[in-house]
Amino acid sequence: MLSDLQEIERLKKEKNAIILAHNYQTGDIQEIADFVGDSLELCIKASEIDESDIVVFCGVDFMAETAAILNPNKKILIPDTQAKCPMACMLNAKDVKKFKKMYPDTAAVLYVNTLAEAKAEAEILCTSSNAVKVVESIPQEKILFGPDRNLAWYVSKKVNKEIIPMPSQGYCYVHKLFDLGDLHFLRSKYHDAEILVHPECDPEVQNFADNVLSTGGMIHHVARSPKKTFIICTEVDMVTRLKRENPDKTFIPALNDAICENMKLYTIGNVKNCLLTGEYVVEVDKNIAEKAKVAIKRMIEVSK
Ligand code: 13P
Ligand code: SF4
């Protein structure tokens, strides 16, 4: 009898499927994936899929929806329909329209962590790795930016434009958990360590960092850095990926409890089931998808 992992490999070949996984997936899922990356890398990868008929997307639903929008003729599957990003749910299309009415001379730059209906109202999308470049690429001087207030703060420090957070208090419950007290303690314990912080963390945590980076940015930075020890302020399985790729370096999660429960709904068992049954198919309303695709493609163009 085949093990679950062997069965997944067999099913991938039989169904001409690939598995894409976000950096926050557990180690076993990272290992069976054909590609592991941050949200921009996954978006670009999704835009380049040509040979596979099926994509099993191991990331929260907005990531899988983006892949579905970019590939209307392919089957995009997720292993669990409850894998939603709570921050994405903090901004709907109605809110974006309301803000646009309140601030008529602005452009709406939306984080990829949004509902498809909100994406459809955006001028352009961004991720944490390209937010500054995206905001600088558009002519408007006033920007509606959402839903993450901390990423909006990060961008506002880097650009010479007015950034209006939309909504005023959007946040990620995982990155809100990091706290300055813990970082002071870790710095005193590991003097030589470099502190890497995700821009979804609070401003005082970002200010304490040696570098503020997306998850993909952390991977590239660590590979180039002469440092040997790193304190990682983002979801705990980021450390799993960093350790896998840098066995000679030491990674300390700033908080072991920084777990995105939504990302963790995927298991080897439900990935196998997803390939076996063809469930669950990610579908996005055609009209919404067409509008959202314009904003997604603009972002990909700027990121090249
Ligand atoms: P990255 O784009 O850095 O992978 O971030 C995605 C995310 O959801 C962070 O919480
Ligand atoms: Fe959403 Fe936060 Fe989970 Fe990222 S870590 S998917 S922003 S809830």
Side-chain angles (χ1 to χ4, degrees), residues 22-24 37-43 59-60 62-63 66 84-92 95-96 99 103 106-115 118-119 121-138 140 142-179 195-219 221 232-235 238 254 258 260 262-263 295-296 298-300 302-303:
H22 186 263
N23 290 324
Y24 295 163
D38 72 5
S39 39
L40 178 64
E41 291 162 340
L42 288 168
C43 214
V60 281
F62 72 81
M63 297 178 178
T66 304
K84 297 177 185 304
C85 168
M87 179 166 69
C89 300
M90 291 176 188
L91 184 72
N92 60 29
D95 298 329
V96 181
F99 268 86
Y103 299 95
T106 54
V109 177
L110 291 197
Y111 197 19
V112 73
N113 300 41
T114 37
L115 306 173
K119 285 185 176 73
E121 302 303 322
E123 267 67 48
I124 188 165
L125 292 191
C126 73
T127 73
S128 55
S129 70
N130 64 12
V132 171
K133 200 170 171 190
V134 164
V135 167
E136 277 171 344
S137 76
I138 55 178
Q140 289 86 345
K142 270 191 191 179
I143 310 291
L144 291 170
F145 191 102
D148 188 32
R149 191 186 170 100
N150 288 341
L151 183 61
W153 180 85
Y154 171 79
V155 173
S156 73
K157 297 279 138 205
K158 304 268 177 192
V159 301
N160 205 11
K161 296 191 180 195
E162 187 184 345
I163 307 292
I164 302 157
M166 165 181 73
S168 61
Q169 299 295 342
Y171 67 94
C172 162
Y173 73 98
V174 182
H175 289 87
K176 272 276 170 207
L177 296 172
F178 294 99
D179 156 286
I195 300 182
L196 307 184
V197 166
H198 196 276
E200 287 177 15
C201 292
D202 283 338
E204 66 271 22
V205 173
Q206 293 191 36
N207 280 336
F208 197 78
D210 294 307
N211 272 293
V212 180
L213 297 160
S214 70
T215 63
M218 289 183 190
I219 299 281
H221 178 79
I232 306 298
C233 286
T234 188
E235 212 270 350
M238 187 64 215
C260 176
N262 316 73
M263 287 274 186
I296 299 169
R298 279 191 191 133
M299 169 185 77
I300 293 177
V302 169
S303 308

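Everything numeric in this text was worked out from a predicted model, so none of it was measured.
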Would you name the heavy atoms of P199 and L213 that are closest together and state the gap between them? CD-O, 3.3 Å
Minimum heavy-atom distance S128-Y111, with the two atoms named: N-CE1, 3.4 Å
Can you list the steps and then say if F208 with I195 is a side-chain contact (heavy atoms from CB on, under 4.5 Å)? CA-CA 8 Å; F208 197 78; I195 300 182; 3.7 Å; yes
If only side-chain N and O atoms count, and only distance matters, is there a donor-acceptor pair under 3.5 Å linking T234 with Y24? yes
Heavy-atom pair of closest approach, residues L110 and A118: CD1-O, 3.3 Å
Quick one, R298 with L125, criterion side-chain contact (heavy atoms from CB on, under 4.5 Å). Give me CA distance, side-chain angles, the key distance, then yes/no. CA-CA 7 Å; R298 279 191 191 133; L125 292 191; over 6 Å; no
Taking the side chain as every heavy atom from C-beta outward, state whether L151 and F145 have any pair of such atoms under 4.5 Å apart. yes
4.5 Å side-chain heavy-atom contact, M90 and D95: no
Would you mind reporting whether D202 and K176 have side-chain heavy atoms less than 4.5 Å apart? yes
Could you report the tightest heavy-atom contact between G37 and L42, atom names first, then the distance? O-CD1, 3.6 Å
To the nearest 0.5 Å, tell me how far E235 CD sits from H175 NE2. 7.5 Å
For residues D38 and T127, determine if any side-chain heavy atom of one lies less than 4.5 Å from a side-chain heavy atom of the other. no
Considering residues at least two apart in sequence or located in another chain, which fulfil the side-chain hydrogen bond (donor to acceptor under 3.5 Å, both in side chains) criterion with N113? none
Looking at side-chain heavy atoms only, is the closest gap between V112 and F62 below 4.5 Å? yes
Do the non-hydrogen side-chain atoms of Y173 and N262 ever get within less than 4.5 Å of each other? yes
Specify the closest pair of heavy atoms between C126 and V109, including all atoms of both residues, with the distance to one decimal. SG-CG1, 4.0 Å
For K157 and Q206, what are the C-alpha separation, side-chain angles and deciding distance, and is it a side-chain contact (heavy atoms from CB on, under 4.5 Å)? CA-CA 11 Å; K157 297 279 138 205; Q206 293 191 36; over 6 Å; no
One should read off an interatomic distance between Y154 OH and N150 CG, to the nearest 0.5 angstrom, of 12.5 Å
Distance check, rounded to the nearest 0.5 Å: H198 atom NE2 versus S129 atom OG? 8.5 Å
Rounded to the nearest 0.5 Å, the OG atom of S303 sits from the CG atom of L40 at a distance of 4.5 Å
Which pairs of donor and acceptor atoms, one on a side chain in residues 160-171, lie under 3.5 Å apart (sequence neighbours left out)?
unit_1	atom_1	unit_2	atom_2	d
K161	NZ	V135	O	3.0
K161	NZ	I138	O	2.5
K161	NZ	Q140	O	2.9

Shortest non-hydrogen contact from H221 toward L196: CD2-CD2, 3.8 Å
Could you give the distance from SG (C43) to CD1 (I296), rounded to the nearest 0.5 Å? 6.0 Å
Any chance you could measure C260, atom SG, to M238, atom CE, to the nearest 0.5 Å? 14.0 Å
